[in-house]
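Order of the sequence lines sets the chain letters (A, B, ...), proteins ahead of strands, with each chain counted from 1. Side chains included, hydrogens not; waters and symmetry mates left out as well; all remaining heavy atoms used.
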Protein chains: 2
Amino acid sequence: MVAERHPQASLENRVADVAGLPAAARVADKPITGPSAAEEALAGLLSLVADDFAACNRAIVARMQSPVALIPQLAAHIVAAGGKRLRPLLTLATARMCGYGDGDRHVQLAACVEFIHTATLLHDDVVDESSLRRGLASANAIFGNKASVLVGDFLFARAFELMVRDGSLKVLAILSQASATISEGEVLQLVTQNDLSTSEDRYLEVIEGKTAALFAAACQVGAVVAGRPEEEERALSAYGRNLGIAFQLVDDALDYAADEATLGKTVGDDFREGKITLPVLAAYHAGDATERAFWRRTIEDSEQTEDDLDYALACIERRGAIPATIDRARRYAAAARAALAPFPDTAYRAALLAVADTTVRRAR
Amino acid sequence: MVAERHPQASLENRVADVAGLPAAARVADKPITGPSAAEEALAGLLSLVADDFAACNRAIVARMQSPVALIPQLAAHIVAAGGKRLRPLLTLATARMCGYGDGDRHVQLAACVEFIHTATLLHDDVVDESSLRRGLASANAIFGNKASVLVGDFLFARAFELMVRDGSLKVLAILSQASATISEGEVLQLVTQNDLSTSEDRYLEVIEGKTAALFAAACQVGAVVAGRPEEEERALSAYGRNLGIAFQLVDDALDYAADEATLGKTVGDDFREGKITLPVLAAYHAGDATERAFWRRTIEDSEQTEDDLDYALACIERRGAIPATIDRARRYAAAARAALAPFPDTAYRAALLAVADTTVRRAR
């Protein structure tokens with residue numbers, strides 16, 4: 001058990017990391033709206049695969065080594081320094097739920113999933129010109145954009161090397177396709193940036209690509225390593241896909257949920273970048289002429305003054321855009337739960353259901 | 001034959017593209033030093049695999065499609081708009097030399113090789129902040145750095161999707177390892193930038209990674225698809241590796257070879273970027289105190305004025321740094337030729353020998 005090897009505080013921090021929540025989250029814990037439900041669900045999942053998770057973390061550190069010292073240095077900043085490990089955790093838990101036995105394929109492939117995710121984060125931060133990630137200086141801010149692009153490439157290539165070593169063409173097919181889909185989602189997001197004529201369907205395409213594709217692949221791989229029938233692969237892929245969409249919808253809501261600022265989530269990043277997300281689309285479409293003009297100026301023309309974020313938050317509040325977004329997320333979370341119906345009632349299944357359930361409760 | 005489908009001029013242009021030489025190269029043709037030997041060698045190779053090459057170009061265009069329109073638009077700018085196709089040409093020619101039969105695996109894998117190369121070019125231009133590539137505006141200059149990073153990611157992922165479709169774990173192993181090695185070489189280049197204490201061995205590590213690894217993989221894949229013994233795989237890998245090193249050495253020489261400016265190669269890019277290449281190292285180590293101080297100011301401290309390039313070229317001339325670099329390239333080209341010894345004397349082998357021979361003759 002991990003708890004035997006690490007002091008309790010360390011475990012808690014890692015759980016907070018898994019939940020994508022900084023330590024401040026727990027300090028600011030609130031009785032009703034707080035992150036504790038989501039935290040507890042992830043802690044529950046983690047406790048079921050604690051040894052696998054520890055092995056996966058070791059594999060991640062071992063596999064990011066290179067004779068070129070800057071590579072592990074930069075990778076360590078983002079990979080080893082904690083951060084969410086939600087995607088590899090899903091691979092580990094789905095593999096176990098599917099009865100995967102004694103090997104460590106699920107551990108190695110979970111590390112591959114995390115490498116692909118990390119590569120996209122490194123490139124995202126360059127693309128978004130972010131200076132912060134998880135409340136810390138982003139890799140590009142410390143090491144520069146150039147190193148972030150190249151180390152992202154390295155981790156991506158390394159992920160494929162590890163998959164080849166695993167030897168399953170099916171896994172390679174799932175994760176190479178997911179990788180292409182992620183890039184398509186990211187490019188589509190770039191194209192829709194600053195464009196208020198983006199339809200909700202287009203927005204959903206973006207988050208299906210940039211977020212849900214890897215969630216889906218991470219879960220499907222669990223069934224593949226366990227040698228389960230394609231029907232179960234499809235069910236787990238559907239679970240991951242719907243969970244990923246719900247997760248991203250909540251993330252996009254939190255970017256405008258000012259009263260959640262204490263949770264460590266930076267408010268207003270998407271607004272400043274002119275990203276088209278559901279809260280903005282909902283507020284824009286429900287807004288009056290003044291509000292629409294405001295959104296066009298700030299999002300389409302990228303003309304923003306200091307007070308604009310407050311006004312944007314007020315518009316979003318007035319038009320009920322956050323509840324609308326969360327309600328949408330809730331429906332995807334329900335679909336994720338439903339996708340697990342074919343599986344027997346195990347502790348793994350219960351934990352995965354709880355993760356889907358509580359993802360939505362990260363926001364009000 | 002290609003010549004039947006295309007007018008002769010088109011073939012010539014494509015040959016010039018393959019050789020990485022703009023049309024100006026032919027206009028400025030010189031009787032002794034000119035590019036025509038290298039051009040002719042590539043034309044010879046191309047004529048042997050003309051149908052395969054045409055099929056590869058069709059595969060490249062077909063496989064870079066995506067519902068996200070910006071992806072083929074940007075990819076077309078760099079992939080379809082000509083440019084060298086030396087690496088896929090090597091895959092096609094080595095496969096044929098090895099007696100590969102009726103299938104089109106070599107064509108599809110040659111396209112994968114070009115996608116990986118293109119992805120690295122897109123990321124290189126972002127990393128180098130280049131505004132020109134092959135004399136045209138670079139993709140990042142037109143479409144922006146963000147799109148270049150993301151479309152590079154897409155092409156890389158798509159290459160792996162196509163390799164998975166091919167189904168050879170051996171090919172996947174070769175090209176995933178080459179991809180990781182390329183990134184390592186690129187990161188190492190970043191680390192050595194502006195550092196005159198870089199050893200020649202380190203510089204060779206950089207070009208072995210960033211250039212020679214993909215040349216080696218492109219050639220090895222030819223033996224793999226033809227089902228040849230590992231000995232031949234290794235021989236072709238050695239041919240590609242040595243050819244790649246020679247090729248990059250010549251490229252690095254051309255960056256300081258002012259009298260070759262008419263060949264369309266921009267002079268001084270590496271100098272302005274503070275890249276550590278063999279011409280600089282040779283001139284620095286052979287230079288007097290004044291020259292060393294000059295190199296330290298311009299390369300290490302990145303303090304450059306308008307006249308500095310001329311002085312750098314004069315130092316390089318005075319210290320014989322270009323002949324020294326070309327001499328080194330000649331030795332790698334000879335090693336490349338030697339690596340082909342085990343193969344029977346065919347037109348393919350003769351053409352590959354000629355390519356190695358004439359690569360060095362791109363410079364004086």
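- Judged purely by distance below 3.5 Å, without hydrogens or angles, the side chains of A:Asn194 and A:Ser302 pair a donor atom with an acceptor atom.
- With sequence neighbours excluded, no residue satisfies salt bridge (charged side-chain N to carboxylate O under 4.0 Å, His left out) with A:Arg87.
- Using a 4.5 Å cut-off between heavy atoms, B:Val191 contacts chain A through its side chain alone, with no backbone atom that close.
- Contacts with chain A were tallied for B:Arg158, B:His123, B:Glu205; B:His123 has the most, counting heavy-atom pairs under 4.5 Å.
- Centroid-to-centroid, the aromatic rings of A:Phe156 and B:Phe156 come within less than 6.0 Å.
- The closest donor-acceptor contact from the side chain of A:Gln189 to the backbone of A:Val206 lies at 3.5 Å or more, if one exists at all.
- Between B:Phe215 and B:Phe247, the ring planes lie tilted relative to each other; the angle falls in the 30° to 60° range.
- In this structure, B:Glu208 pairs ionically with B:Arg241, as a charged nitrogen and a carboxylate oxygen lie closer than 4.0 Å.
- Using a 4.5 Å heavy-atom threshold, the side chains of B:Ser66 and B:Pro72 count as touching.
- Neither the backbone nor the side chain of B:Asn145 comes within contact range of chain A; no heavy atoms are under 4.5 Å apart.
- Contact residues of residues 159-185 of chain A toward chain B are A:Phe160, A:Glu161, A:Val164, A:Gly167, A:Leu169, A:Leu172, A:Ala173, A:Ser176, A:Gln177, A:Ser179, A:Ala180, A:Ser183, A:Glu184 (heavy-atom distance under 4.5 Å).
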